[in-house]
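Just so you know, ligand 1 is whichever comes first in the structure, and atom 1 is the first atom listed for that ligand. Bear in mind the structure is a predicted one, so any value in this text is a computation, not a measurement. Throughout, numbering of the chain's residues begins at 1 and tracks the sequence.
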Amino acid sequence: MGYLEGFAVTFKKLGEKRVTTEYPEEKRPKPDRLHGRHVLNRYEDGMEKCIGCELCAGVCPANCIYVRGKDNPDGDPVSPGERYGFIYEINYLRCIHCDMCVEACPTEAITESKLFEFSFTNRADAIYTKKELLVDDDGLPQHLPWEDWRPGEDQMTSAWMRATAPSGDASYEGKVAWSGELGYGVRDAEVGQSDDHVVARSPEETDH
Ligand code: SF4
Ligand code: SF4
């Protein structure tokens with residue numbers, strides 16, 4: 001009789017809501033703070049945020065960032081600082097997406113996007129160069145040939161940076177403490193980071 005119970009389970013499940021998706025044709029929405037591949041951001045005027053300080057490379061536990069700074073050219077600066085990131089590479093065969101580089105960066109130059117679906121056929125493609133990491137003229141990640149992503153998945157490229165910025169501290173609530181980005185201006189605070197975005201709270205939470 002055991003097989004009848006098996007059939008009963010099968011028929012019961014046929015009527016339930018399907019939880020699987022036909023990936024990769026169909027994708028589930030990704031969390032805003034998913035740790036995907038990085039982008040190098042620019043200011044609203046197009047200048048690069050990276051100043052070539054190498055702090056990200058120094059803090060990286062996987063030793064997968066290679067960055068070299070260089071003095072900005074006279075009369076044609078690349079970044080607002082004295083120096084800019086002349087060479088910038090991240091090896092995605094090593095990166096563990098811990099975001100320590102993002103937290104260490106003093107200028108919010110390096111942040112992580114939600115993009116992680118890559119299909120490399122050689123090691124060179126797995127090492128992203130500055131040319132590939134730098135956002136385009138609209139401030140969006142470049143869509144590289146070996147990456148599978150759809151419209152909308154390139155949003156929230158600096159969510160984690162803002163989550164770990166001083167504004168993530170409750171005493172900074174209501175104050176935006178991050179700089180503007182090309183294509184976005186000054187990004188909105190997220191829930192819990194600004195009085196404008198406070199959702200319904202319990203009386204205990206609002207007492208202090
Ligand atoms: S996310 Fe972590 S492992 Fe990846 S480059 Fe940044 S510091 Fe290194
Ligand atoms: S990404 Fe940030 S931490 Fe890394 S070299 Fe550029 S400015 Fe410095």
Could you check atom 8 (Fe) of ligand 1 against the protein and tell me its nearest heavy-atom contact, residue, atom and distance included? C60 SG, 2.3 Å
Check against side chain to side chain donor-acceptor pair (under 3.5 Å), T111 and N41: CA-CA 7 Å; T111 58; N41 296 300; 2.9 Å; yes
Atom pair CD1 (I51) and CD (E82), whose distance is rounded to the nearest 0.5 Å: 9.5 Å
Heavy-atom contacts with D99 under 4.0 Å: which atoms of ligand 1 show up? List them by number with element. 1 (S), 2 (Fe)
Within the 4.0 Å heavy-atom cut-off, what T107 brings close to ligand 2 is side chain
Please could you name the atoms of ligand 1 that I96 approaches to less than 4.0 Å, counting only its heavy atoms? 3 (S), 4 (Fe)
Is the distance between the ring centroids of F118 and Y128 under 6.0 Å? yes
Could you tell me the residue and atom name of the protein heavy atom closest to atom 6 (Fe) of ligand 2, and the distance to it rounded to 0.1 Å? C50 SG, 2.4 Å
Separation between CD (E108) and CH2 (W178), nearest 0.5 Å, reads 9.0 Å
Are side-chain N/O atoms of K49 and S179 paired as donor and acceptor at under 3.5 Å? yes
Applying a heavy-atom cut-off of 4.0 Å, say which part of E112 lies close to ligand 1: side chain, backbone, both or neither. side chain
Cation-pi geometry met for K70 and Y84 (6.0 Å, 45°): no
Between H38 and ligand 1, find which residue part has any heavy-atom pair under 4.0 Å and reply side chain, backbone, both or neither. side chain
Residue portion contacting ligand 2 (non-hydrogen atoms closer than 4.0 Å) for A104: neither
Would you say C105 reaches atom 2 (Fe) of ligand 2 with an N/O/S atom under 2.8 Å? yes
Interatomic distance, SG@C50 vs CD1@I110, rounded to 0.5 Å, equals 8.0 Å
Out of curiosity, is C101 lining ligand 2, as in a heavy atom under 4.0 Å away? no
Below 4.0 angstrom from a heavy atom of E54, which ligand 2 atoms are there? Numbered from 1 as shown, please. 5 (S), 8 (Fe)
Any chance you could lay out the salt bridge (charged side-chain N to carboxylate O under 4.0 Å, His left out) test for R33 and E112, step after step, and finish with the verdict? CA-CA 8 Å; R33 292 178 193 168; E112 284 201 322; over 6 Å; no
In terms of residue, atom name and distance, what is the protein heavy atom nearest to atom 7 (S) of ligand 2? I51 N, 3.3 Å
For C95, counting its heavy atoms only, list the atoms of ligand 1 lying under 4.0 Å from any of them. 1 (S), 3 (S), 4 (Fe), 5 (S)
Nearest non-hydrogen protein atom to atom 5 (S) of ligand 1, with distance, is C64 SG, 3.4 Å
Can you list the atoms of ligand 1 that are under 4.0 Å from a heavy atom of H97? 1 (S), 4 (Fe)
Passes side chain to side chain donor-acceptor pair (under 3.5 Å), Y92 versus H97? Steps please. CA-CA 9 Å; Y92 283 107; H97 296 280; 5.8 Å; no
Give the atoms of ligand 1, by number and element, whose distance to some non-hydrogen atom of P61 is under 4.0 Å. 7 (S)
Using a 4.0 Å cut-off to any heavy atom of I110, which atoms of ligand 2 qualify? 1 (S)
Would you kindly confirm whether F120 and I90 end up in one hydrophobic cluster when ILVMFWY residues are joined by side chain heavy atoms under 4.5 Å apart? yes
Quick one: look at I65 and ligand 1, take heavy-atom pairs under 4.0 Å, and tell me if it's side chain, backbone, both or neither. side chain
Are V78 and I87 linked, directly or through intermediate hydrophobic residues, by side-chain heavy-atom contacts shorter than 4.5 Å (ILVMFWY only)? yes
Option whose closest heavy atom lies nearest to atom 4 (Fe) of ligand 2, chosen from P106, A109, C56: C56
Between CG on residue D136 and CZ on residue R42, distance to nearest 0.5 Å: 7.5 Å
Could you identify the single nearest non-hydrogen protein atom to atom 2 (Fe) of ligand 1 and state the distance to 0.1 Å? C98 SG, 2.3 Å
